Visitor: 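Could you have a look at this structure, given as structure tokens, before my questions?
Per chain, numbering begins at 1; letters A, B, ... match sequence-line order. Note that the coordinates shown come from a computational prediction; the quantities given were computed from them, not determined experimentally.
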Protein chains: 2
Amino acid sequence: MIVNKLRELRDVKMSESDTSEIWTQEGLAKRLGVTRQTIISMEKGTYNPSLALAFKLANLFGVKIEDIFEFRGDKSES
Amino acid sequence: MIVNKLRELRDVKMSESDTSEIWTQEGLAKRLGVTRQTIISMEKGTYNPSLALAFKLANLFGVKIEDIFEFRGDKSES
DNA sequence: TTTAAATGTAAAGTCTACTTTACGTATAGT
DNA sequence: ACTATACGTAAAGTAGACTTTACATTTAAA
């Protein structure tokens with residue numbers, strides 16, 4: 001199981017920048033090359049994105065993958 | 001596109017440990033909870049594993065995800 | 001030279017990340 | 001009140017990660 005801090009990180013970015021449409025779900029989706037639905041699903045948190053998408057997110061937010069995603073191996077694996 | 005150092009890392013582990021069957025493709029697959037085919041596909045390199053699998057690998061090898069996988073965003077994205 | 005362990009390949013099947021479309025709600029500006 | 005923007009939800013479809021099975025090749029030890 002994987003948990004993430006996507007929503008928190010995005011909220012910070014939105015409050016920081018005045019050109020805020022860059023960090024909306026849609027703006028983020030566009031820059032990642034995915035759909036808004038994918039962002040929504042990720043923020044809801046119960047799924048396991050691809051490594052490529054995780055790398056792109058980390059790059060956009062300027063952090064490491066481990067700063068966004070946390071792996072909890074304990075429960076029913078995946 | 002994602003490239004990885006899986007094969008090199010595994011080779012090192014195999015030469016280091018005398019109970020080497022732990023680090024064979026099959027041993028590794030078993031401990032990861034995937035099949036040997038998945039390991040082979042990853043070592044061939046042309047695919048994009050899930051974040052969960054990347055985390056498990058990093059844990060087993062005792063390194064960070066970024067030490068195994070490198071993201072090359074330049075080419076045809078994914 | 002035979003045997004077994006480790007690796008390689010190929011092809012069809014399953015599951016789920018991700019897409020597409022469409023509609024619904026909340027909020028703020030005019 | 002009306003409009004536009006950002007967010008939420010649901011459902012069916014596509015693509016690719018991962019499985020399953022089966023067989024072939026390499027390597028080293030007995």
Side-chain angles (χ1 to χ4, degrees), chain A residues 1-58 60 65 68-73 75-78, chain B residues 1-60 65 68-69 71-73 75-78:
Chain A
M1 170 148 208
I2 287 184
V3 300
N4 71 74
K5 301 178 183 155
L6 233 181
R7 189 60 192 259
E8 295 97 301
L9 286 170
R10 197 167 64 80
D11 280 343
V12 170
K13 290 291 187 182
M14 290 214 60
S15 63
E16 280 176 1
S17 70
D18 26 34
T19 65
S20 64
E21 80 265 14
I22 290 182
W23 294 104
T24 61
Q25 289 177 341
E26 188 160 14
L28 183 57
K30 229 167 244 167
R31 288 195 290 157
L32 288 169
V34 297
T35 61
R36 192 167 62 90
Q37 269 310 316
T38 299
I39 305 294
I40 291 172
S41 296
M42 295 194 61
E43 290 190 350
K44 266 198 288 188
T46 48
Y47 96 126
N48 174 16
S50 68
L51 227 204
L53 187 48
F55 265 115
K56 288 186 194 172
L57 270 168
L60 275 186
I65 287 180
I68 305 182
F69 298 95
E70 184 184 346
F71 180 57
R72 309 220 164 137
K75 305 256 168 180
S76 58
E77 300 280 326
S78 164
Chain B
M1 169 148 208
I2 288 184
V3 300
N4 70 74
K5 301 177 183 156
L6 233 182
R7 188 60 191 260
E8 296 95 302
L9 285 170
R10 198 167 63 79
D11 279 343
V12 170
K13 289 291 187 182
M14 290 214 59
S15 63
E16 280 176 1
S17 70
D18 26 34
T19 65
S20 64
E21 80 265 13
I22 290 182
W23 295 103
T24 61
Q25 289 178 341
E26 188 159 16
L28 182 56
K30 228 167 246 168
R31 289 195 289 156
L32 288 168
V34 298
T35 61
R36 194 167 62 87
Q37 270 310 315
T38 299
I39 306 295
I40 291 172
S41 297
M42 295 193 62
E43 290 190 349
K44 266 199 288 188
T46 49
Y47 96 125
N48 174 16
S50 69
L51 227 203
L53 187 47
F55 265 115
K56 289 186 194 172
L57 270 167
N59 287 345
L60 276 186
I65 287 181
I68 307 183
F69 297 96
F71 180 57
R72 309 218 164 137
K75 304 257 169 181
S76 59
E77 300 281 327
S78 164

Visitor: Between P on C/dA17 and CG on B/L53, what's the gap in Å once rounded to a whole number?
Guide: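 Distance, rounded to whole Å: 13 Å.
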Visitor: In whole angstroms, how far is the P atom of C/dA17 from the CD1 atom of A/I2?
Guide: 10 Å
Visitor: Does D/dG16 have its OP1 or OP2 closer than 4.0 Å to a side-chain nitrogen or oxygen of B/Y47?
Guide: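 Answer is no, no contact under 4.0 Å.
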Visitor: Name every donor-acceptor pair, under 3.5 Å, that has one atom in a side chain of residues 27-38 of chain A and the other anywhere in the protein, sequence neighbours excluded.
Guide:
unit_1, atom_1, unit_2, atom_2, d
A/R31, NH2, A/I22, O, 3.3
A/T35, OG1, A/T38, OG1, 3.3

Visitor: From D/dC7, C/dC18, D/dA17, pick the nucleotide closest to the side chain of A/T24?
Guide: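 Nearest nucleotide to the side chain: D/dC7.
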Visitor: So for atom NZ, which belongs to B/K5, do other residues, nucleotides or ligands contribute more than 12 heavy atoms lying within a distance under 6.0 Å?
Guide: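 No, not enclosed.
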Visitor: Between protein and nucleic acid, restricted to nucleotides 8-14 of chain C and to nitrogen or oxygen atoms under 3.5 Å apart, what atom pairs and distances do you find?
Guide:
unit_1, atom_1, unit_2, atom_2, d
C/dG8, OP1, B/R7, NH1, 3.2
C/dG8, OP2, B/Q25, NE2, 2.7
C/dG8, N7, B/R36, NH1, 3.3
C/dG8, O6, B/R36, NH2, 3.0
C/dT9, O4, B/Q37, NE2, 2.4
C/dA10, N6, B/Q37, NE2, 3.1

Visitor: What's the CG-P distance between A/L28 and D/dG8, to the nearest Å?
Guide: 13 Å
Visitor: Whole Å only: how far is the NZ atom of A/K30 from the C1' atom of C/dT19?
Guide: 16 Å
Visitor: Is B/S50 close enough to D/dC18 that one of its side-chain N or O atoms is under 4.0 Å from OP1 or OP2 there?
Guide: yes
Visitor: CE of A/M14 versus C1' of C/dA28: gap in Å, rounded?
Guide: 14 Å
Visitor: What contact category does A/G33 fall into here, base, sugar-phosphate, or nothing, at under 4.0 angstrom with non-hydrogen atoms?
Guide: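 It contacts sugar-phosphate atoms only.
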Visitor: Nearest-Å distance, CD1 (B/I22) to C1' (C/dA6)?
Guide: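 Nearest whole value for this atom pair: 16 Å.
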Visitor: Considering just the side-chain nitrogens and oxygens of B/T35, establish if one lies under 4.0 Å of OP1 or OP2 belonging to D/dT19.
Guide: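 Affirmative; the distance criterion is met.
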